Amino acid sequence: MKVQNIQNNAAEDALGVSLPTRRVESFHYTDLRSQLGTFASKAERPSEEVAKKLGDGFPRLASNAAVLHFYDGHAFERGEKLPAGVSANTDLPKAMEVDGLDDTIVAINNKISTDGVAISVAKDANVDRPVGLAHTFTGTSGTTASTRYAIDAASSSTSIFIERFMGRSTDAHLSSSVVAMDIGEGAVLNYLIVQQSGLGAEHLGRISVRLAENAKLNLFILNAGGKLVRQEVKVDVAGEGAHVEIKGVNLVGDNAHIDVTTVLDHNVPNTTANELFRNVVAGDGHGVFQGQIKVAQIAQKTDAQMACNTLLLTDDGDFSAKPELEIFADDVLCAHGATVTDIDDDHLFYMRARGIKEKTARGLLIKAFVDEVVEELGVGEEIEEAFIGVIDNWLDTNVS
Amino acid sequence: MPAVQETIDTVALLDVDKYKYGFSTDIENDMAPKGLSEEVIRFISAKKEEPEWMLQWRLDAYERWKTMEEPNWARVNYPKIDFNDIYYYAAPKNFEDGPKSLDEVDPELLKTYEKLGIPLKEQELLAGVRRHDELSKLDEDPSDNVYASGRVAVDAVFDSVSVVTTFKAELAKSGVIFCSISDAIKEHPELVKKYLATVVPVSDNYYSALNCAVFTDGSFVYIPEGVRCPMELSTYFRINAENTGQFERTLIIAEKGSYVSYLEGCTAPQRDENQLHAAVVELITMEDAEIKYSTVQNWYPGDEDGNGGIYNFVTKRGDCRGDNSKISWTQVETGSAITWKYPSCILRGNGSQGEFYSIAVSNGAQQVDSGTKMLHLGKDTKSRIISKGISAGKSQNTYRGQVSAHKRASDARNFTQCDSLLIGDKCGAHTVPYIEAKNSTAQFEHEATTSKISDDQLFYCMQRGIPEEEAIALIVNGFVKEVIQELPMEFAVEAQKLISISLEGSVG
């Protein structure tokens, strides 16, 4: 495929990685070549004092969590005790393979990652405390902060992880996170991503997951920050009876470009998947959702559903959705639905008729629209409440 | 499940080998030299007795085409096309001067039309051929109400030339111009100049540029203000000569408040090598006008191993220029080795409407990548997309559609439904929709499903005493019904027949 531009590109040169244009189908709505800033240097390891201050104003999401801290891409020992059944090795896991421009984020991450961690969840372990992976950024202009980790959930284990990105910088800085997950037979892995980067942050995330027989992935993505964000999810459904549950809330504010791209590869028979995304676009934000469901010829009896609903609040913003089905097996049930619309006038009228001010009514309707996703997560009240808190904060600042 | 097995068997039996339009007609051809060059374009233009401006336009398009690259984003695979191994012009020799009487018509050609079963075989219409420039008997019969008769005016295009256009005189009475595009260039240059390539620009895409350079014939329709076209218009395309590409060009203009329903059908002989068909169709509707464009595409699909068959690379686009205008595309795609076709609507006028109803049936080694684009530019524009894909054999069937609302397209409304039905486990069904909203009042809904005939549906029918085979028929018919009912009567019957040939067989 002829997609490569010969012309020099500052962003490309600075990173030393080829960047895709919009002509690369998987980057159709996010033109990294023209949108990505120029990032020439890795952020240095901040001092303990600086690091400590960075996290101010970002209260913990779960009081009983054991949190692994990364500041500007560097691991910091905070003496937190990991729950029983979980072990961590702080060596940088080996780089993931790159297969063409579709894996641009991995290529960038391989190039710039400084620290990482390899986490193992023991066989049959039932981990009740969440493991936090907290990333806080100074966000010095032109710098990168990047990490990579591997998570290996052994068979029949249950675990919960919260990956969080935090920052306040309005200067252009790049953060990146690549995670390789292996979920063993009958294991259940809950993975929750909360992205609250600063308004200057460009964030590139990738999760690559492989599921064994009867394994279950519960993934939740909450985007509530950043300037240019692309979160990719690639799932290899490789074991019969496996189930993938992906839920997401994308809050796209003024000036922000947020892209969530998921690819589900059903490669064996009898697997199920369910995806639900709710998006709110305010100001002149650009929202993107690309969801691909692939069903291989042998993957009979696949049941995969996907829905993506968007509230587009302004004429300055836009939202693009590409829910894709690629099916080679005949005995399957696959469906996707996508809607883009503004707040329903009838709903608004119902509330106005009951004496609720328009502004309040709109706020309530938007909140209800996205909170619904969080309330159904089933990861405990405390975490769900914390997520709703993050959403409320965003709504207060971005939706007037 | 035996019923499914039966369906698969039936499909196998009725495979593409049974293509019933696969005959070729042995008639002498007048051909341009093989290959594509400036000389060939000059040759075509001279053959068509075109004015100088047209030739220049073609040469300009050729220059642009040379700088362009073949698109490769569609989910289709085929060996690289050697554009110099194609005849760009082939005309049945005996027809060069136009048929003045039935006796002059090559009997082989008449037989062809007979085999095609197109309305041409009817004696009345053939009489129309004979009295090409005279009033037909029907015109003289005042008792004949053209509005109620349901007759169809036909333009038949054989390889590169329009062989015959019927009911011309009768249509002229209402001010409707219906002729081949070659005639239009000569007789109505002002209209052609004004509208040609205004919907699909010359360099819109690789194949549209190629078409501009070498297009040979096609239909031209002009419906004047306030006229409801008294009869259905129809074009029948057939590729006959070997190694020939067909590049037709259709231009339909519906002036303010007018209406026309246009039907298009296509067939080709069974040959081992691939033939190229790269058409451009442009529709323009002014204020309150409506065009209904229906296609039954049944080009030769190649054999079950994918040898031969037509490459159908078509650019079809409608432009709703006036307020409250409407363009409706209905297509039944059963043929072609490769289909690359996206009939689209530019909803420019406020309150304009676009519709796309499609049935795409693929079998054997066919590859279909088809869909639509609905571009909402005006206010209060509406569009509706219903796409039904049925894949069987080893075929690949892709729906690719784009719905977008421009910033100023307030209250744009779209509903999209694409359903795929898979028969057999060696085929593929894919859905690639692009939904782009830039206006908060836009309301877009998209639904897609992929499944086989469900056991529950079958069980429900059988429990009520309907035999398995009939139950499948019922379900498949139900599956495509929403589209079939959009077709004009004349085509609905043919379409149903075609689908049963491609698929059902036992179920008819």
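All values reported here derive from a predicted model rather than from experimental measurement. Each chain gets a letter, A, B and so on, in the order its sequence line appears, and its residues count up from 1.
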Chemist: Spell out, as yes or no, whether a donor-acceptor pair under 3.5 Å connects the side chain of T104(A) to the backbone of L101(A).
Modeler: yes

Chemist: Can we say E324(A) and K294(A) salt-bridge, meaning some charged N sits less than 4.0 Å from an Asp/Glu carboxylate O?
Modeler: no

Chemist: Please look at H28(A) and chain B and tell me whether the side chain, the backbone, both or neither of the residue comes under 4.5 angstrom of a heavy atom of that chain.
Modeler: side chain

Chemist: State plainly whether the residues D369(B) and R400(B) are in salt-bridge range, i.e. N to O under 4.0 Å.
Modeler: yes

Chemist: Got a salt bridge between E232(A) and R230(A), using NZ or NE/NH1/NH2 to carboxylate O under 4.0 Å?
Modeler: yes

Chemist: Checking D284(A) side chain against N255(A) main chain: does a donor-acceptor pair fall under 3.5 Å?
Modeler: yes

Chemist: Less than 4.5 Å to any heavy atom of chain B: does that hold for the side chain of Y29(A), its backbone, both, or neither?
Modeler: side chain

Chemist: Among D315(A), D318(A), L311(A), single out the residue with the greatest number of heavy-atom pairs under 4.5 Å to chain B.
Modeler: D315(A)

Chemist: Please determine, among K407(B), E447(B), E436(B), the option with the most heavy-atom pairs under 4.5 Å with chain A.
Modeler: E436(B)

Chemist: Using non-hydrogen atoms and a limit below 4.5 Å, what part of residues 344-357 of chain B faces chain A?
Modeler: none

Chemist: With a 4.5 Å cut-off on heavy-atom pairs, point out which of T449(B), N439(B), T441(B) contacts chain A the most.
Modeler: N439(B)

Chemist: Under 3.5 Å, side chain of N9(A) to main-chain N/O of R33(A), donor-acceptor pair present?
Modeler: yes

Chemist: Look at L325(A), T339(A), V281(A), T341(A) and state which one has the largest set of heavy-atom pairs under 4.5 Å with chain B.
Modeler: L325(A)

Chemist: Could you tell me which portion of A442(B) (side chain, backbone, both or neither) has an atom closer than 4.5 angstrom to a non-hydrogen atom of chain A?
Modeler: backbone

Chemist: Under 4.5 Å heavy-atom distance to chain B, tell me which part of A321(A) shows up: side chain, backbone, both or neither.
Modeler: both

Chemist: Is K379(B) paired with D411(B) through a side-chain N to carboxylate O contact shorter than 4.0 Å?
Modeler: no

Chemist: When you measure from the side chain of D344(A) to the backbone of D346(A), do you find a donor-acceptor pair of N or O atoms at a distance under 3.5 Å?
Modeler: yes

Chemist: Which bit of Q396(B) comes within less than 4.5 Å of chain A, counting heavy atoms only: side chain, backbone, both or neither?
Modeler: side chain

Chemist: Check each atom of L333(A) against the heavy atoms of chain B and say whether the ones under 4.5 Å are side chain, backbone, both or neither.
Modeler: both

Chemist: Within the side chain of T21(A), is there an N or O that forms a donor-acceptor pair under 3.5 Å with the backbone of R23(A)?
Modeler: yes

Chemist: So, R362(A) and D342(A), do they make that salt bridge, N to O below 4.0 Å?
Modeler: yes

Chemist: Among G287(A), C334(A), G337(A), G317(A), which has the most heavy-atom pairs under 4.5 Å with chain B?
Modeler: C334(A)

Chemist: Not counting sequence neighbours, list each pair that qualifies as a ring pair (Phe, Tyr, Trp, His ring centres under 6.0 Å) and has a residue in residues 404-432 of chain B.
Modeler: F328(A)-H430(B)

Chemist: Using a cut-off of under 4.5 Å on heavy-atom pairs, state which of L312(A), N309(A), I298(A), I293(A) scores highest against chain B.
Modeler: L312(A)

Chemist: Please test F444(B) against F319(A) for ring pair (Phe, Tyr, Trp, His ring centres under 6.0 Å), starting from the C-alpha separation and ending with a verdict.
Modeler: CA-CA 11 Å; F444(B) 287 174; F319(A) 194 86; over 10 Å; no

Chemist: Ignoring hydrogens and angles, tell me if any N or O in the side chain of Y399(B) forms a donor-acceptor pair with the backbone of A429(B) under 3.5 Å.
Modeler: no

Chemist: Determine the option with the most heavy-atom pairs under 4.5 angstrom with chain B, choosing from I327(A), V332(A), D331(A).
Modeler: I327(A)

Chemist: Checking heavy atoms, do the side chain of Q300(A), its backbone, both or neither come under 4.5 Å from chain B?
Modeler: side chain

Chemist: Check whether R408(B) gets within reach of chain A through its side chain, its backbone, both or neither, counting any heavy atom under 4.5 Å.
Modeler: neither

